[in-house]
Undergrad: 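Below is a structure I'd like to ask you about.
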Amino acid sequence: MNYYRELAFALRVRGLSEDTIRSTLDDVRMHSAEAGQDPSHEFGPPDRFAENFEKGGAHAAGRRFVVVMTVVALAVVIGLFVLSKAMGTELRVGVFSIPLFAGVVVAVAGFVGGFLLDRRLPAGFGVEKKAA
């Protein structure tokens with residue numbers, strides 16, 4: 001993972017807004033380019049640099065995605081369990097419970113998706129601004 005992704009993640013963990021994150025990344029990139037140095041040499045490790053910012057109240061998209069997918073996973077498990085009882089049969093393949101397996105798959109997808117969402121670069125970062 002590159003410095004900017006790590007910094008974006010560290011700033012999201014601190015609850016900063018996407019606009020603040022993008023602005024901070026732009027400033028870090030501009031200052032590093034002017035100094036001709038790698039950002040880690042100029043600002044230190046991303047998580048340490050992020051500690052300089054006050055905590056905000058924003059909830060990262062990845063965290064919200066994990067919560068939604070966890071609720072969906074529970075709904076899938078409960079729904080398939082109720083369906084199996086209504087049909088009068090157990091939904092199994094060998095020793096594996098289909099409702100439980102489906103719930104685990106949805107939950108894992110939620111955690112992986114949340115992980116990836118929080119480690120992405122913010123929209124607009126890396127796009128050159130045109131002079132007006």
Side-chain angles (χ1 to χ4, degrees):
M1 197 173 349
N2 73 23
Y3 187 89
Y4 298 105
R5 288 184 193 281
E6 291 178 24
L7 181 56
F9 173 69
L11 294 172
R12 284 187 184 105
V13 168
R14 293 195 65 79
L16 274 64
S17 71
E18 288 297 306
D19 288 338
T20 302
I21 293 168
R22 183 178 48 255
S23 173
T24 301
L25 295 180
D26 285 336
D27 292 345
V28 167
R29 182 176 52 190
M30 184 177 65
H31 183 74
S32 297
E34 287 174 358
Q37 294 286 330
D38 187 73
S40 59
H41 290 112
E42 287 292 305
F43 299 98
D47 53 340
R48 281 269 169 88
F49 179 60
E51 290 173 1
N52 294 319
F53 294 83
E54 287 190 37
K55 291 188 176 186
H59 297 287
R63 185 179 304 165
R64 290 191 310 264
F65 186 75
V66 168
V67 169
V68 168
M69 292 301 283
T70 301
V71 170
V72 169
L74 288 171
V76 166
V77 170
I78 292 168
L80 288 175
F81 179 75
V82 168
L83 179 65
S84 71
K85 293 300 178 191
M87 291 176 16
T89 185
E90 288 190 42
L91 297 175
R92 292 188 168 275
V93 174
V95 296
F96 297 106
S97 166
I98 293 175
L100 184 59
F101 180 73
V104 168
V105 168
V106 172
V108 167
F111 283 104
V112 169
F115 177 87
L116 295 174
L117 271 173
D118 280 347
R119 282 155 181 82
R120 77 195 186 293
L121 292 171
F125 178 72
V127 176
E128 295 298 323
K129 294 180 180 171
K130 295 181 181 178

Undergrad: For the backbone of G124 and the side chain of R22, can you confirm whether one donor and one acceptor N or O come within less than 3.5 Å of each other?
TA: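 Side chain of R22 to backbone of G124, a donor-acceptor pair under 3.5 Å: no, none is there.
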Undergrad: Are side-chain heavy atoms of R12 and E18 found at a separation under 4.5 Å?
TA: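 In contact.
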Undergrad: What's the separation between atom NE2 in H59 and atom CZ in R64, rounded to the nearest 0.5 Å?
TA: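 Between atom NE2 of H59 and atom CZ of R64 there are 8.5 Å.
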Undergrad: To the nearest 0.5 Å, how far apart are CZ in F125 and CZ in R120?
TA: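 Separation between the atoms: 13.5 Å.
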Undergrad: Which heavy atom of T20 sits nearest a heavy atom of L16, and at what distance?
TA: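 Heavy atoms of T20 and L16 come nearest at CG2-CD2, 3.6 Å.
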Undergrad: Considering non-hydrogen atoms only, spot the tightest contact between A61 and L117 and give its length.
TA: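 Scanning both residues, the minimum pair turns out to be O-CD1, 4.0 Å.
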Undergrad: What are the two closest heavy atoms between Y4 and L25, and how far apart are they?
TA: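 Shortest heavy-atom separation between Y4 and L25 comes out as O-CD2, 3.7 Å.
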Undergrad: Side-chain heavy atoms under 4.5 angstrom apart, residues restricted to Ile, Leu, Val, Met, Phe, Trp, Tyr: same cluster for V71 and F115?
TA: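 Not linked; separate clusters.
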Undergrad: Locate the shortest heavy-atom distance separating A102 from V76; write the atom from each residue and the value.
TA: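 Nearest pair, atom of A102 first, then V76: CB-CG1, 3.7 Å.
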Undergrad: Could you give the distance from CG (L83) to OG1 (T89), rounded to the nearest 0.5 Å?
TA: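 Here the interatomic distance stands at 10.0 Å.
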Undergrad: Check whether the side chains of D19 and S17 place a donor and an acceptor atom closer than 3.5 Å, and report yes or no.
TA: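 No, because no side-chain N or O of D19 sits under 3.5 Å from a partner of the opposite role on S17.
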Undergrad: For residues F49 and T24, determine if any side-chain heavy atom of one lies less than 4.5 Å from a side-chain heavy atom of the other.
TA: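 Yes, at least one pair of side-chain atoms sits under 4.5 Å.
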Undergrad: Taking the side chain as C-beta and beyond, is there a heavy-atom pair between Y3 and V28 under 4.5 Å?
TA: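 Contact flag for Y3/V28 side chains = yes.
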Undergrad: Using a 6.0 Å cut-off, check whether atom CZ of F81 has over 12 heavy atoms from anything other than its own residue.
TA: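 Atom CZ in F81 is not crowded, with 12 or fewer foreign heavy atoms closer than 6.0 Å.
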Undergrad: Say you draw a straight line from CD1 of I98 to CD of E90; how long is it, rounded to the nearest 0.5 Å?
TA: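 I98 CD1 to E90 CD: 10.5 Å, rounded to 0.5 Å.
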Undergrad: Check P122 against I21 and note the closest heavy-atom contact, atom names and distance.
TA: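 Residues P122 and I21, closest heavy atoms: CG-CG2, 3.9 Å.
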Undergrad: Nearest heavy-atom pair of A107 and A73: which atoms, and what distance?
TA: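 Heavy atoms of A107 and A73 come nearest at N-CB, 3.9 Å.
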Undergrad: Which value, rounded to the nearest 0.5 Å, describes the distance between F101 atom CZ and L91 atom CG?
TA: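 Output value for this atom pair is 14.0 Å.
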Undergrad: Would you say V106 and V66 are hydrophobically clustered, going by side-chain heavy atoms of ILVMFWY under 4.5 Å?
TA: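 No, V106 does not connect to V66 through the hydrophobic network.
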Undergrad: Do V72 and V77 share a hydrophobic cluster, counting only Ile, Leu, Val, Met, Phe, Trp and Tyr and linking them when any side-chain heavy atoms are less than 4.5 Å apart?
TA: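 Cluster IDs for V72 and V77 differ.
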Undergrad: Let me check something: do I78 and M87 share a hydrophobic cluster, defined by ILVMFWY side-chain heavy atoms less than 4.5 Å apart, either directly or through other members?
TA: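 Different hydrophobic clusters.
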Undergrad: V112, V104: one ILVMFWY side-chain cluster at the under-4.5 Å cut-off?
TA: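 Yes, same cluster.
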Undergrad: D26 versus R29: any side-chain heavy-atom pair under 4.5 Å?
TA: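 In short, these two side chains touch, coming nearer than 4.5 Å.
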Undergrad: Looking at side-chain heavy atoms only, is the closest gap between R92 and S97 below 4.5 Å?
TA: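 Yes, their side chains come closer than 4.5 Å.
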